[in-house]
Amino acid sequence: MKNQERIQHIAGKFDKTKFQTQLINWFTQDQRILPWRENQDPYRVWISEIMLQQTRVDTVIPYFNNFLTKFPTPEALAEADEQEVLKAWEGLGYYSRARNLQNAVREVVEKYEGIVPNDPDLLGELKGVGPYTKGAILSIAYDQPEPAVDGNVMRVLSRVLKVEDDIAKQSTRKLFEGLIYHLISKQDPSSFNQGLMELGALICTPKSPSCLLCPVQNQCRAFAEGIETELPVKSSKKKQKKLPFLALIVRNEKNQVLIEQRPGEGLLASLWQYPMVPLSDVDLQNATRWFYGEYGLEVELGESISRVKHVFSHLIWEMEVRTAVVNKGSLDHERARFVDPEQIADFPFPVSHQKIHTHINP
DNA sequence: AACGCGTGGAC
DNA sequence: TGTCCAAGCGT
């Protein structure tokens with residue numbers, strides 16, 4: 001096996017026993033107190049791992065507490081309405097995480113009596129549980145010596161072992177998984193995995209790592225050569241495409257406001273928003289005509305309220321927000337409806353449209 | 001394999 | 001302001 005040879009080459013002369021001891025002792029001493037570390041409940045570990053995907057600890061904490069209050073058990077989450085789950089996820093981003101999580105929890109309740117599987121293959125079949133999350137649940141909740149390789153782990157090990165592979169490539173993650181199988185503590189795989197991540201979060205940070213405080217400094221090849229800020233190697237992503245929109249706050253004669261639900265798949269799936277005219281396809285002169293074609297309503301545009309910019313990971317919405325009133329016609333749109341202004345807060349909205357709420361004066 | 005998928009914080 | 005990022009996954 002090619003990868004096995006590389007693993008021997010990289011970690012062959014590395015003192016893994018010493019590394020395990022230093023890492024685990026440091027983690028035991030210096031780990032943060034976090035809500036999902038109160039116990040080893042697999043359900044809580046699972047929720048926390050999904051929420052923490054691409055998301056900072058400080059952001060997750062209040063969402064985690066609220067989520068566990070609303071859905072304390074797998075059964076509670078399985079029985080909940082999907083819109084209620086999305087509302088609890090509102091603002092966290094990557095909303096398919098929430099839908100996949102609920103689908104997977106429903107599967108666990110139906111097939112496994114609500115017990116999160118401790119079998120790697122069964123666990124990995126669940127929606128939203130990829131290689132990282134699977135290893136995290138197995139090691140943290142079930143004390144199994146499985147790798148949980150995230151961005152922290154790749155950064156830390158790139159430096160400690162001086163691995164110069166591009167961590168943006170999937171094949172690199174597999175190399176690190178192989179290295180973890182070799183390095184992991186069979187005695188305490190949970191503290192080992194969490195220790196690597198905690199070290200990446202607190203000490204071995206991307207920009208200016210605190211090497212002087214690092215518990216494994218004397219083992220770190222990058223530090224020894226003074227190249228810790230050169231690692232890891234990561235190819236850059238391309239920049240976002242800008243899309244202009246006209247977002248409309250449309251009121252009818254009863255002073256209700258028009259909102260619509262986005263499609264069930266894709267960007268911001270199943271969330272709600274104010275109607276938007278895509279100015280990349282329609283010029284401003286034709287906006288009302290386009291609107292009539294789309295919604296069956298003749299509207300008169302009012303004043304321009306504000307501009308809202310929304311930056312996604314892969315694109316940017318630049319929205320001009322304007323008021324509008326209905327002149328005539330009847331609403332003809334599958335996923336749109338008029339609601340009283342005070343009802344709007346009951347629907348899950350993306351952040352960009354939460355910002356628009358604040359411009360509505362009752 | 002590369003791309004679609006959110007958001008807010010740090011510098 | 002721009003850039004990069006933070007406990008990834010699905011397709």
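Ion pairing between R32(A) and E198(A) holds under the 4.0 Å rule for side-chain N and carboxylate O. Under 4.0 Å is where a charged nitrogen must lie from a carboxylate oxygen, and between E84(A) and K87(A) no such pair does.
A search for salt bridge (charged side-chain N to carboxylate O under 4.0 Å, His left out) contacts involving K162(A) returns E225(A), not counting sequence neighbours. Listed by chain and number, the residues in a ring-ring contact (aromatic ring centres under 6.0 Å, His included) with F312(A) are H310(A), W317(A) (sequence neighbours excluded).
For R99(A) and dG6(B), the CZ to P distance is 9 Å, given to the nearest whole Å. Between F312(A) atom CZ and dC3(B) atom C1' there is a gap of 16 Å when expressed in whole angstrom units. Here the C1' atom of nucleotide dC9(C) and the NZ atom of K127(A) are 13 Å apart, to the nearest Å. Going from atom CG of L315(A) over to atom P of dT3(C) covers 16 Å, rounded to whole Å.
Identified under the salt bridge (charged side-chain N to carboxylate O under 4.0 Å, His left out) test for residues 49-64 of chain A, with sequence neighbours left out: none.
Side chains of E90(A) and W272(A): no donor on one and acceptor on the other come within 3.5 Å. Donor-acceptor pairing under 3.5 Å is lacking for the side chains of N100(A) and N103(A).
Checking each of F64(A), F71(A), Y63(A) against F67(A) for a ring pair (Phe, Tyr, Trp, His ring centres under 6.0 Å) leaves exactly one that passes, namely F71(A).
Other residues, nucleotides and ligands contribute over 12 non-hydrogen atoms within 6.0 Å of the NZ atom of K16(A).
Taken residue by residue, residues 257-273 of chain A places heavy atoms nearer than 4.0 Å to DNA chain B at G266(A), L267(A), L268(A). Applying a 4.0 Å cut-off to non-hydrogen atoms, none of the residues of residues 169-202 of chain A approaches DNA chain B. Of all the residues in residues 35-73 of chain A, Q54(A), T55(A), R56(A) reach under 4.0 Å from DNA chain B with at least one non-hydrogen atom.
Rounded to a whole angstrom, the distance from the C1' atom of dG8(C) to that of dA1(B) is 16 Å. The C1' atoms of dA6(C) and dC5(B) are separated by 15 Å, rounded to the nearest whole Å. Between the P atoms of dG8(B) and dC9(C), the separation comes to 22 Å (whole Å).
Between dG10(C) and Y94(A), no contact under 4.0 Å exists linking OP1 or OP2 to a side-chain N or O. A sub-4.0 Å separation between OP1 or OP2 of dC5(C) and a side-chain N or O of R155(A) is absent.
In this structure, F291(A) has its ring center closer than 6.0 angstrom to the ring center of Y295(A).
Side-chain contact between V163(A) and P232(A): absent, with no pair of heavy atoms (C-beta onward) separated by less than 4.5 Å.
Remark on DNA chain C: of its neighbouring residues K309(A) and Q240(A), the 5'-side contact belongs to K309(A), judged by nearest-heavy-atom nucleotide. Taking the nucleotide of DNA chain C with the nearest heavy atom to each of N100(A) and V153(A), the more 5' of the two is matched to V153(A).
Closest approach to the H314(A) side chain among dG4(B), dT7(B), dG6(B) is made by dG4(B) (side chain taken as heavy atoms from C-beta onward). In the set dC5(C), dC9(C), dT7(B), dC9(C) carries the atom at the smallest distance from any side-chain atom of T133(A).
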